[in-house]
Amino acid sequence: MASMIMKLGSKSEVFHRDGQTWLCSTGLPSDLVVEVGEMAFHLHKFPLLSRSQVIENRINDYSSEDDEKCVLQFHELPGGAKTFLLVAKFCYGIRLELTALNIVGIRCAAEYLQMTEDRGDGNLIMLSESFLNEMFGHWTDTIKALETCKEFLPYSEELHIVSRCIDSLAMKACADTNLFSWPLPENGIAQCPEGNHVLWNGICSTAKPQPLSEDWWYEDASLLRLSSYKRLILAVESRGMKPERIAGSVVHYAKRHLPLLCRQPSFRGRNHAAPRSLVSHPSDADQRNLLEEIVALVPTQKGATPTNFLLRLLRTSMVLQVRPSCQDKLEKQIGAQLDQAALEDLLIPNIGYSMETLYDIDCVQRILDHFAHIDNEPLDPSNYIIDEGQLMGGSHPLTPMTMVATLVDGYLAEVAPDVNLKLPKFQSLAAVIPDYARPLNDGIYCAIDIYLKAHPWLTDSEREQICSLMNCQKLSLEASTHATQNERLPLRVIVQVLFFEQLRLRTSISGWLFVSDNLKNSQNPNGNLANAGNNTRVGAVRDHLVEADDIMERVSELEKECLGMKEELEKLVKAKRGWNLFLRKFGFRSKSKSIDPKTVKSCLLIQKNHSP
């Protein structure tokens, strides 16, 4: 519905403008002057007083000599001179066109002038209300009318035009898109999809209409002023719209109206460009107020709003220096769904006054503390115990805590090269994650190694403190191999890694021996079918024995490394203390343990018996 033309007579246009004056040429001299703002209208009393109770009262109260014109002033008329011109045309019975852009002003002016049905049938209040009721059935026209309401406050609020517009939009936004299909009526004219036939008698010839997506209203809603948009979001929320859809609209609105949100640089090389639709650049104060309002509109349900969007809001809030309560709300909401965050979004540049570190470590610490506080998953460490196969293959159960553990380990590896990062802050971040949440400690070991490399001045005591954050028993074979050759690690840690690696390999060999003995005892020499099954199992054992050869070779290498380390340790402590005192310091006996020669001999014997 683009407009409605009211033909109230066959009179031609009789109004014309001369500077700041509007004249009505009807052949009769003007006996009334109406001043609205800086504009003067030279009109006639009867056409106006017959339609407006206010104008009649003003004329009756006006006292002047008979030879002077009656002068009325309506400087507070809603819509000013532009709207009064339309009202005057209506009073003279001249053709009047109502549109979504002028209907609110006309309705408010008609109320101001009391143009009710008591002054005649079909008066302006009734006609404007009829147009409004019809307009509310059209999405685009309602959007346009709502945007003009601000110019006519408080009349548009008192007449409930704003609330009726909001209710109409909310009802359409919440409607089930499966109940109606593309295209929606646009300005009163239905259109067919591109490539289809034209309309005939209002019916599209296409056989199957295109369905609407749930975000069809995001773009139009983002054009609203903040006050109107807030009321629309509250209205759709009260009607039961899903939080995910509301969050999608808020994200769309923020990207359009917060240029700084899309221009935040990143140390990782990302630089989000602002949408082309952003033609104005509001001040930082305006963006600060807008961001705080947007944060208040973000749904609080966990997972409803994308975590990367919340983190970008948080980064922008730091730049704009929003209120602490606003930033605290964002941090808590991010913490509630930290397991959904990406590492690159968590790297928030430090823009504080101190600029002690490259990234804002304190902010991430607060977010992590919020996550640890609200995480309610049952703390059953037995669910996180993994066997040798899982340790080798890297598979482990994924829970929010384990995903955050991986995220924190990656974050620590990113911030570790910062020479200004103090050891207590590194330890505080890593210590939030419990040991059971790291089925594999390769990530934290990598972060520790990077930190030790970037901070070579750490004392032996500090090195042991930071290494206590990892569990040497949970390192993979690759990480263990690297650790045994890592000169940056304390000697105690290297010895522990070697001990646990030998223990792991010994357990693996015992397992192979147990499997092979059971398989040999279960073989049945009678029957071709049984022989075929045994041959298959024997083939599997041969494959395992090949792996056993590799394990034995690794065991031999580890024993040589242990012996070499023992000799070096004996040389280091010979000048100070005896060997027994040094081993007692590290918590080991003086006699080193190695793989039992009988076990090695048994493995070789099995390999010889089963070889083809």
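The first residue in the sequence is number 1, and the count goes up from there.
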query: Judged by atom type as modelled, is there a donor-acceptor pair below 3.5 Å linking the side chain of K329 to the main-chain atoms of V295?
result: yes
message: Strictly distance-based, threshold 3.5 Å: is any side-chain N or O of R315 a donor or acceptor partner for the main-chain N or O of L347?
response: yes
- prompt: Can you list the residues that meet the ring-ring contact (aromatic ring centres under 6.0 Å, His included) rule with Y112, with sequence neighbours excluded?
  reply: none
message: So L291 and T316, do their side chains get closer than 4.5 Å, heavy atoms only?
response: yes
message: Can a donor-acceptor pair be found, under 3.5 Å and without considering hydrogens, that links the side chain of T142 to the backbone of H138?
response: yes
Side chain proximity check, L310 to V298, heavy atoms < 4.5 angstrom: yes
message: For G122 versus L127, what's the shortest heavy-atom pair and its separation?
response: O-CD1, 3.3 Å
query: So which heavy atom on A447 is nearest to which on L412, and how close?
result: CB-CB, 3.7 Å
task: Would you check if the side chain of D141 reaches a backbone N or O of E134 as a donor-acceptor pair within less than 3.5 Å?
output: no
query: Is the closest side-chain heavy-atom distance between D167 and R164 below 4.5 Å?
result: no
- prompt: Has the side chain of D418 got a donor or acceptor atom that lies under 3.5 Å from a matching backbone atom of L358?
  reply: yes
statement: Output for pair (T402 OG1, L407 CG), nearest 0.5 Å, gives 11.5 Å
query: Within a radius of less than 6.0 Å around CD of E117, do more than 12 heavy atoms belonging to other residues, nucleotides or ligands occur?
result: yes
Residues K453 and D449 bridged, charged N to O under 4.0 Å: no
- prompt: Are any side-chain N or O atoms of Q287 and backbone N or O atoms of L260, one a donor and one an acceptor, separated by less than 3.5 Å?
  reply: yes
task: Would you check if there is a donor-acceptor pair between the side chains of K144 and T140 at a distance under 3.5 Å?
output: no
query: So do Y359 and L346 actually touch side chain to side chain, heavy atoms under 4.5 Å?
result: no
- request: Could you pull out the closest heavy-atom pair between I106 and L98, with the gap in Å?
  value: CD1-CD2, 3.4 Å
- request: Kindly indicate, with the supporting measurements, whether the criterion side chain to side chain contact (heavy atoms under 4.5 Å, CB included) is fulfilled by V408 and L368.
  value: CA-CA 9 Å; V408 170; L368 192 57; 3.7 Å; yes
task: Any chance you could lay out the side chain to side chain contact (heavy atoms under 4.5 Å, CB included) test for H370 and H373, step after step, and finish with the verdict?
output: CA-CA 5 Å; H370 288 313; H373 178 71; 5.7 Å; no
- request: Please name the pair of heavy atoms, one in D339 and one in M403, separated by the smallest distance, quoted to 0.1 Å.
  value: OD2-CE, 3.9 Å
Quiz: residues 245-252 side-chain donor-acceptor pairs under 3.5 angstrom, not counting sequence neighbours:
from	atom 1	to	atom 2	distance (Å)
R245	NH2	A173	O	3.0
R245	NH2	E214	O	3.2
S249	OG	Y229	OH	2.8
H252	NE2	E219	OE1	2.7

statement: Closest non-hydrogen contact found for L261 with F309 is CD2-CE1, 3.9 Å
message: Can you pull out every side-chain hydrogen bond (donor to acceptor under 3.5 Å, both in side chains) where at least one residue sits in residues 292-301? Sequence neighbours excluded, please.
response: K230-E293, E292-R323
statement: One should read off an interatomic distance between E111 CD and I161 CD1, to the nearest 0.5 angstrom, of 9.0 Å
message: Treating R51 as the side-chain partner and C91 as the backbone partner, does any N or O pair qualify as donor plus acceptor under 3.5 Å?
response: no
message: So W217 and L169, do their side chains get closer than 4.5 Å, heavy atoms only?
response: no
query: In Å and rounded to the nearest 0.5 Å, what is the NZ to CD1 distance from K332 to I367?
result: 13.0 Å
statement: Residues C363 and M318: closest non-hydrogen pair is SG-CE, 3.3 Å
- prompt: Between the main-chain N or O of I334 and the side-chain N or O of T307, is there a donor-acceptor pair closer than 3.5 Å?
  reply: no
Verdict with reasoning, L226 to Y253, per side chain to side chain contact (heavy atoms under 4.5 Å, CB included): CA-CA 9 Å; L226 178 61; Y253 191 89; 3.8 Å; yes
- request: First locate atom CD1 of I143, then atom CG of L232, and finally report the distance between them rounded to the nearest 0.5 Å.
  value: 7.0 Å
Pair up each side-chain donor or acceptor in residues 148-157 with any protein partner under 3.5 Å, not counting sequence neighbours, and list the distances.
from	atom 1	to	atom 2	distance (Å)
T148	OG1	A145	O	2.6
S156	OG	C149	O	3.0
E157	OE2	R231	NH1	2.6

query: Does the side chain of F84 come within less than 4.5 Å of W22's, by heavy atoms?
result: no
field: Sidechain-backbone polar pair: H75 side chain, G37 backbone, donor-acceptor under 3.5 Å
entry: yes
query: Does a donor on one side chain sit under 3.5 Å from an acceptor on the other, for S317 and Q327?
result: no
message: Between T83 and P78, is there a side-chain heavy-atom distance shorter than 4.5 Å?
response: no
statement: Here the gap from I233 atom CD1 to L297 atom CG, rounded to the nearest 0.5 Å, amounts to 6.5 Å
query: What is the distance from atom CZ of F131 to atom CZ of F136, rounded to the nearest 0.5 Å?
result: 10.0 Å
message: Please enumerate all residues that pass ring-ring contact (aromatic ring centres under 6.0 Å, His included) together with H455, with sequence neighbours excluded.
response: Y451, W457
query: Mind checking what makes salt bridge (Lys or Arg N to Asp or Glu O under 4.0 Å) contact with D362, not counting sequence neighbours?
result: K425
message: Strictly distance-based, threshold 3.5 Å: is any side-chain N or O of S128 a donor or acceptor partner for the main-chain N or O of L124?
response: yes
task: Check whether any side-chain heavy atom of L85 lies under 4.5 Å from a side-chain heavy atom of V36, and answer yes or no.
output: no
Residues L72, F41; criterion side chain to side chain contact (heavy atoms under 4.5 Å, CB included); working and verdict: CA-CA 10 Å; L72 304 179; F41 295 83; over 6 Å; no
